[in-house]
Structures are given as structure tokens and as C-alpha cells.
Amino acid sequence: MSVSSSFKVRRIVRILKKKYGKIPWWPGDCDEVMIGAILTQQTRWENVRRALDELHRKDLCTLSAIRFADMTALEDAIRCTGFYRMKARRLKCLAVFVEVTCGGVERMAVMSTPALREGLLSVHGIGEETADSILCYGFSRPSFVIDAYTDRIMRCIGVTEPRNRLKPLFEGVLAETDEAYRQTHAHIVEYAKEFCIQKRCETCILVNSSG
DNA sequence: GACCAGGTCCTTG
DNA sequence: CAAGGACATGGT
């Protein structure tokens, strides 16, 4: 990766930290994080929150419950997140992986990060972003999450690395702790929601600020 | 009514 | 292997 890109990333991380400070993000237990990670695919968080509340109301907000849940009941509960048929199937796949393949969350918690990541990626419907979200926010592992917002902001500030290089780029710049990864990703999402909602980034403090 | 949302998988050329 | 489409509801 280029020195220039590392420099730019280092700089925006510092600016965003100063702007937002410590923000709480993705509270909830491990099961809720994993379920939310599937539901948030291509979906606004507000709708995911509503679906999670509905799942709680129906006692379906654990993977052990989802594993045997009625498919229609599951689909109904998550309908407001869109892609609800597909997501219901993905939740079932995740439930089987967690409860059967791994033998429960406690077993997952003692797996090595690479093994856990590989296992998650083997689940149908879990790609890199979802896997890293689960690792970082659910299991407190330092695996940085690259999402559409991150990619967009990098373009805004002139970092030209392809998307698949961004993860190592950030991990090379940040202190290698799950907390640093969580905060920085949260800052990026917060900033993106505030300024970079559209493809264009007209009011980008990241470009003009002397930071 | 058009367009987009914190992706992933499958099919084509 | 890059590009395009499907999945689906809810908000602006």
C-alpha cells in the first residue's frame, strides 16, 4: 500500500475521533449482533432495530430459537428489513453453524480468530463484511469492517486502493485492538450518514480540514 | 415515481 | 474474472 494512503487514513481516523469521540455502537449480546449483522445487509439500521425488537417480542432473538423457528413466523418478524425470505434462510444457516457446527457461542468464543472467520465465511449468506462485523462487535476480535461507507469515504479523500485492500490498510494504521476497530468503523458510519449519503461528498471536512 | 439502503450469491460474457 | 441481476421493504 502506498505511503500516501496510509497517511490519509491515519489523518481521517484522527479527525473523526476528534469530531465524534467515543460513541456507543451495537450494544446487545452476541446472538443479537450476529442476527443484526445478517439483517443489516443492504438495509438501514433503523429497520433492523425494529426487526430485532420484534424478534425479542416473539422470543426469537437467539440462534437456538431461530434454529427451530417456524419459517413464516421468522419471515414475518424481519419483513421490515427487506429481502426477508433470503435473510430468514440465512439466519437458519447461521443458526445451524453456531448451534450445530460449533456447538454454541461459548465454543466459538474460544476459537482462534482465523478459524472463526473462516467458519463464518463458509456459512451461506455471510460474506466478508458480515463476518468481520460479527468478529469485531460480537466476539471482540480485532478484524476491521469495510463497508460501502468506508469505500465511499476513501474515494472522497482520494485513496484509490481497491476495496479489497482497504482492510489491511486500516489494520496497518490502527492500534490492533478490537475497541479501536469498533470505534473507527462507528465513526466512519456516523460521518457517512451525516455527510456522504449521496455518491458525492460536497461538504467533506476530511478534504478541507487542516486536522 | 425514482432512487437508495452498514451485501451476498448466482449467472453471463 | 468483471459485470449485471436478484433479493424486497421502507424512507426521502
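Chain identifiers are assigned alphabetically (A, B, ...) following the order of the sequence lines, protein sequences preceding nucleic acid strands; residue numbering begins at 1 within each chain.
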Cluster check A/I157, A/L16: I/L/V/M/F/W/Y, side chain < 4.5 angstrom | yes

Give a yes or no on whether A/V105 and A/F97 share a hydrophobic cluster (residues Ile, Leu, Val, Met, Phe, Trp, Tyr; joining criterion: side-chain heavy atoms under 4.5 Å apart).
-> yes

A/L94 atom CG is separated from B/dT8 atom P, nearest whole Å, by 13 Å

Would you tell me if any nitrogen or oxygen in the side chain of A/R163 comes within less than 4.0 Å of OP1 or OP2 on C/dA2?
->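 Looking at the OP1 and OP2 atoms of C/dA2, neither is under 4.0 Å from any side-chain N or O of A/R163.
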
Is it the case that the side chain of [X] and the backbone of [Y] share a donor-acceptor pair, with hydrogens and angles ignored and the cut-off at 3.5 Å?
X: A/T184; Y: A/A180; answer: yes
X: A/Q41; Y: A/G125; answer: yes
X: A/K92; Y: A/M71; answer: no

Between [X] and [Y], is any pair of side-chain heavy atoms under 4.5 Å apart?
X: A/F139; Y: A/T113; answer: no
X: A/R14; Y: A/K17; answer: no
X: A/R163; Y: A/E128; answer: no

Could you list the protein-to-nucleotides 10-13 of chain B atom pairs, N/O on both sides, closer than 3.5 Å?
none

Paired nucleotide for B/dG1 [Watson-Crick or G-U wobble; both distances under 3.5 Å] = none

So what does A/E128 hit on the nucleic acid, given a heavy-atom distance under 4.0 Å: a base, only sugar-phosphate, or nothing?
-> sugar-phosphate

Residue closer to the 5' end of DNA chain B, A/S133 versus A/L121 (nearest nucleotide) =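 This one resolves to A/S133.
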
What parts of residues 34-41 of chain A reach DNA chain B, counting only heavy atoms under 4.0 Å away?
->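 Of all residues in residues 34-41 of chain A, the ones placing a heavy atom under 4.0 Å from DNA chain B are A/T40, A/Q41.
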
Nearest-angstrom distance, P atom, B/dG1 to C/dA8 =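 Each nucleotide's P atom is 23 Å from the other's.
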
Go along nucleotides 6-12 of chain C 5' to 3' and tag each nucleotide: B for a protein heavy atom under 4.0 Å from its base, S when only backbone or sugar atoms are that close, - otherwise.
-> -BBSSS-

So with a 6.0 Å cut-off around CD of A/E46, is the heavy-atom count from everything else above 12?
-> yes

Passing option when A/K19 is tested against A/H187, A/E194, A/E190 for side chain to side chain contact (heavy atoms under 4.5 Å, CB included) = A/E194

Classify the ring geometry between A/Y20 and A/Y191 as parallel (under 30°), tilted (30 to 60°) or perpendicular (over 60°).
->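 Geometry flag for A/Y191 against A/Y20: perpendicular rings.
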
